[in-house]
There are 2 protein chains.
Amino acid sequence: MTTTEQDGPVRQLPVLGASCHADEATSEVRAVLDRVGDKWSTLVLGTLASGPRRFTELLHGIEGISQRMLTLTLRQLERDGLVSRTVHAVVPPRVDYALTDLGETLLPPVVALVEWAFAHTDAIREHRDAYDAAQAEA
Amino acid sequence: MTTTEQDGPVRQLPVLGASCHADEATSEVRAVLDRVGDKWSTLVLGTLASGPRRFTELLHGIEGISQRMLTLTLRQLERDGLVSRTVHAVVPPRVDYALTDLGETLLPPVVALVEWAFAHTDAIREHRDAYDAAQAEA
DNA sequence: CAGAATCCATTCCGATACTG
DNA sequence: CAGTATCGGAATGGATTCTG
């Protein structure tokens with residue numbers, strides 16, 4: 001055998017492998033990874049971590065987000081039960097967004113990931129620079 | 001005050017907030033979140049978790065991935081130092097891909113996230129169904 | 001075998017205008 | 001204030017073809 005070990009077809013980490021691609025839980029797992037990988041979702045989640053916010057607060061508090069993307073992002077988070085939407089029957093309209101209990105529990109894993117990224121920032125940058133430099137001379 | 005607490009402008013979770021958007025470490029953090037959110041990256045990482053693989057092994061082991069996307073995905077992972085690429089000077093060509101030490105350390109946080117998703121699959125599905133049902137009657 | 005390059009359909013997203 | 005609706009450019013990604 002040429003590789004370190006193999007006793008059958010391509011094996012994969014159970015929770016990450018394509019094998020779990022077929023079962024029904026996959027779409028929810030992907031939904032979560034999609035939210036985490038989505039720039040605006042993480043910023044909305046991070047902003048709501050310190051308490052409820054109104055639509056406009058989020059719009060102005062998150063640099064660079066468009067009204068359209070904020071709406072779409074909030075709808076997705078709301079649909080998955082990570083964020084709650086509360087409409088106050090007043091004039092002018094007031095809508096508060098907040099993390100749900102479910103949304104709160106998602107924060108620790110996401111923060112762990114971000115902290116991993118912070119901890120390895122230098123390593124990643126060095127690899128990138130080395131890679132780019134190697135490509136440059138081609 | 002109307003919300004739970006506020007003593008200034010919109011505050012955000014330090015590691016997730018837009019405030020960290022300005023500093024230089026941000027691009028690396030986003031790079032990591034992008035990889036985690038990327039369907040093919042997670043599947044490649046998950047497949048390599050059990051040992052080195054050749055290009056074709058990955059191509060056929062990961063259901064649905066195209067040659068183009070496998071190449072692109074591997075290049076990104078390689079550029080960030082998460083995956084190593086080893087060319088063997090033989091005929092026909094043989095190229096082995098493997099997780100680097102850095103790549104190995106990324107697995108636990110990612111797995112934690114996936115396990116969160118698994119643990120809350122039902123809750124998410126229920127919220128979705130409820131949300132979709134509510135939309136349907138409009 | 002392991003890719004690089006090209007073509008093309010789809011999707012995404014920002015900007016803008018309009019509404020209750 | 002808090003959206004919705006529409007349009008057009010940009011980016012994404014699959015299928016295909018070609019190469020060392």
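Order of the sequence lines fixes the chain letters, A, B, ..., with proteins taken first and strands second; residue numbering starts at 1 for each chain. Since the structure is predicted, the reported quantities are computational estimates derived from the model, not experimental observations.
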Looking at every non-hydrogen atom in both residues, tell me the closest pair between A:Ala31 and A:Asp80 and how far apart they are. CB-OD2, 4.1 Å
Minimum-distance pair of heavy atoms, taken over all atoms of A:Thr42 and B:Leu33: CG2-CD1, 4.2 Å
Salt bridge B:Asp132-A:Arg79, side-chain N to carboxylate O under 4.0 Å: yes
Measure from CZ on A:Arg75 to C1' on C:dC12 and round the result to the nearest Å. 18 Å
From the candidates D:dG20, D:dC1, C:dG3, the one with an atom nearest any side-chain atom of A:Pro92 is D:dC1
side-chain contact (heavy atoms from CB on, under 4.5 Å) with A:Tyr97: which of A:Thr86, A:Leu70, A:Leu74? A:Leu74
For B:Gln67 and for B:Leu72, locate the closest nucleotide of DNA chain D by heavy-atom distance; then report the residue assigned to the nucleotide nearer the 5' terminus. B:Leu72
Looking at A:Arg68, I'd like to know whether one of its side-chain N or O atoms comes within less than 4.0 Å of OP1 or OP2 on D:dT6. no
Take atom OH of A:Tyr97 and atom P of D:dA2, then tell me their distance rounded to the nearest Å. 8 Å
With the side chain defined as heavy atoms from C-beta on, B:Ser66 is closest, among D:dG14, C:dA4, D:dG3, to D:dG14
Could you give the CG-to-P distance, from B:Leu59 to D:dG14, as a whole number of Å? 12 Å
Just the rounded figure in Å: distance from C1' of D:dT4 to CG of A:Leu74. 14 Å
Length of the line joining A:Leu70:CG and D:dT4:P, which is rounded to integer Å: 11 Å
Looking only at side-chain N and O atoms, does B:Arg85 come under 4.0 Å of OP1 or OP2 in C:dG3? yes
Let me see the working for B:Arg53 and B:Asp96 under salt bridge (Lys or Arg N to Asp or Glu O under 4.0 Å), right down to the final yes or no. CA-CA 6 Å; B:Arg53 300 291 169 188; B:Asp96 280 339; over 6 Å; no
Gap between atoms CD1 and C1', on A:Ile65 and D:dG3 respectively (whole Å): 14 Å
Grab the CZ-C1' distance between A:Arg94 and C:dG20 for me, whole Å please. 19 Å
Rounding to an integer number of Å, can you tell me how far A:Met69 CE sits from D:dA10 P? 18 Å
Is there a side-chain contact between B:Trp40 and the phosphate of D:dT12, meaning an N or O under 4.0 Å from OP1 or OP2? no
